[in-house]
Protein chains: 2
Amino acid sequence: MAKSKSQPADNTHEPLAKLLKILSSPWTMLLLHRLHMEGPKRFGELKRRLGAISTKTLTERLRMLEAEGWVHRHYEPTVPPQVTYTLAERVLELDPLMVELDRIAERWYGRG
Amino acid sequence: MAKSKSQPADNTHEPLAKLLKILSSPWTMLLLHRLHMEGPKRFGELKRRLGAISTKTLTERLRMLEAEGWVHRHYEPTVPPQVTYTLAERVLELDPLMVELDRIAERWYGRG
DNA sequence: CAGCATCCAAGGTGATACTG
DNA sequence: CAGTATCACCTTGGATGCTG
């Protein structure tokens, strides 16, 4: 649509690049997808559901998403401690995206 | 749509993971976005528009997308040669996704 | 112009061990 | 349970130089 002319264009500063940088870091989408589809989850459960992810990576992603304001971390100082992660309200805007992704994934790679 | 049950679940084999693996490799989304918004493009123009990408990476991405059937490569043996890349028809299904991404990027990171 | 071949640095990841 | 701290590795991307 936009028919801007020929610019050197460093995408790095554009909103889309910023968003994609977050979304495209490994595991992030699958992580968000889980929380989106299945609701709030504790660390261990999340890790189990994601399969091959390491605790380190999962922690990093969660910390990043927390810093970005995409997820909330709720710490319950019981014994043993319980930490629950919830999607921030704003992230619900990603819903159409998730649904679209699911649909396309199914159509393109679903059966064979 | 959820697979239900409590499985160790190695997402690696699922359609969504497959799709995300492609989409989340660096530059891929921005690349597709360009082709989507501005139509068929030649290698050099594409490179210039993407900014900081290297020829190596751009080539790799294009080759990958070609192998996946996402883009078509048209070689014109003129002097100098012209190679034009076009989105495959199926990739047009990504349209809603692209639009959504743009909207969200603008809303979340558009103004500061 | 549109790549390809190398080399190399950087960062990300996983495995492992340990703590509150 | 929910992490943190290390370490070693290994892929990945960028820079450079060359070709048809």
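Here is how names work: the chains are called A, B, and so on, in the same order as the sequence lines, proteins then strands, and each is numbered from 1.
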What is the distance, rounded to the nearest whole Å, between atom CE of B:Met64 and atom C1' of D:dG13?
-> 14 Å
Which nucleotide in the list D:dA15, D:dC1, C:dG14 gets nearest to the side chain of A:Pro81?
-> D:dC1
To the nearest Å, how far apart are A:Leu58 CG and D:dC1 C1'?
-> 13 Å
Between C:dA2 and B:Arg73, is there an OP1 or OP2 to side-chain N/O distance shorter than 4.0 Å?
-> no
A:Glu76 atom CD is separated from D:dC1 atom C1', nearest whole Å, by 13 Å
Out of C:dT13, D:dG13, C:dA2, whichever nucleotide has its closest atom nearest the side chain of B:Phe43 | C:dA2
Remember a base hit wins even if backbone is also touched, and classify B:Thr55 as base, sugar-phosphate or nothing at under 4.0 Å, heavy atoms.
-> base
Could you state the atom-to-atom distance from CD1 of A:Ile53 to P of C:dG14 in whole Å?
-> 7 Å
Round to the nearest Å and state the distance from B:Lys21 atom NZ to C:dT13 atom P.
-> 14 Å
Distance, rounded to the nearest Å, where A:Lys56 contributes NZ and D:dA8 contributes C1' = 11 Å
Could you pull out the closest heavy-atom pair between B:Trp27 and B:Leu50, with the gap in Å?
-> CZ3-O, 3.3 Å
Output yes when at least one side-chain N/O atom of B:Ser54 is less than 4.0 Å from OP1 or OP2 of D:dG13, else no.
-> no
Residue A:Arg42, side-chain atoms from C-beta onward, closest of C:dC4, D:dC1, C:dC1 | D:dC1
Take B:Arg103 and B:Glu100 through the test salt bridge (Lys or Arg N to Asp or Glu O under 4.0 Å) and record every step on the way to the result.
-> CA-CA 5 Å; B:Arg103 280 224 302 258; B:Glu100 232 351 74; 2.8 Å; yes
Closer than 4.0 Å, any side-chain N/O of B:Tyr85 to the OP1 or OP2 of C:dC1?
-> no
Taking OH from B:Tyr75 and P from C:dG3, how many angstroms apart are they, rounded to a whole number?
-> 9 Å
Could you check whether the rings of B:Phe43 and B:Tyr85 sit parallel, tilted or perpendicular, using 30° and 60° as the cut-offs?
-> tilted
When you measure from the side chain of B:Pro80, which nucleotide among C:dT13, D:dG13, C:dC1 comes out closest?
-> C:dC1
With salt bridge (Lys or Arg N to Asp or Glu O under 4.0 Å) as the test, would you mind laying out the steps for B:Glu68 and B:Lys18 before giving the verdict?
-> CA-CA 11 Å; B:Glu68 294 290 338; B:Lys18 161 81 172 171; 3.6 Å; yes
Candidates C:dT13, C:dC1, D:dT12 - which lies nearest the side chain of B:Arg48 = C:dC1
Salt bridge (Lys or Arg N to Asp or Glu O under 4.0 Å) assessment of A:Arg90 paired with A:Glu93 = CA-CA 6 Å; A:Arg90 62 185 314 212; A:Glu93 295 181 45; 5.8 Å; no
Between atom CG in B:Leu50 and atom P in C:dA2, what is the gap in whole Å?
-> 14 Å
Is any side-chain N or O of A:Arg63 closer than 4.0 Å to OP1 or OP2 of D:dA2?
-> no
Taking the side chain of B:Thr59 as its heavy atoms from C-beta onward, which of C:dC7, C:dC1, C:dC4 lies nearest to it?
-> C:dC4
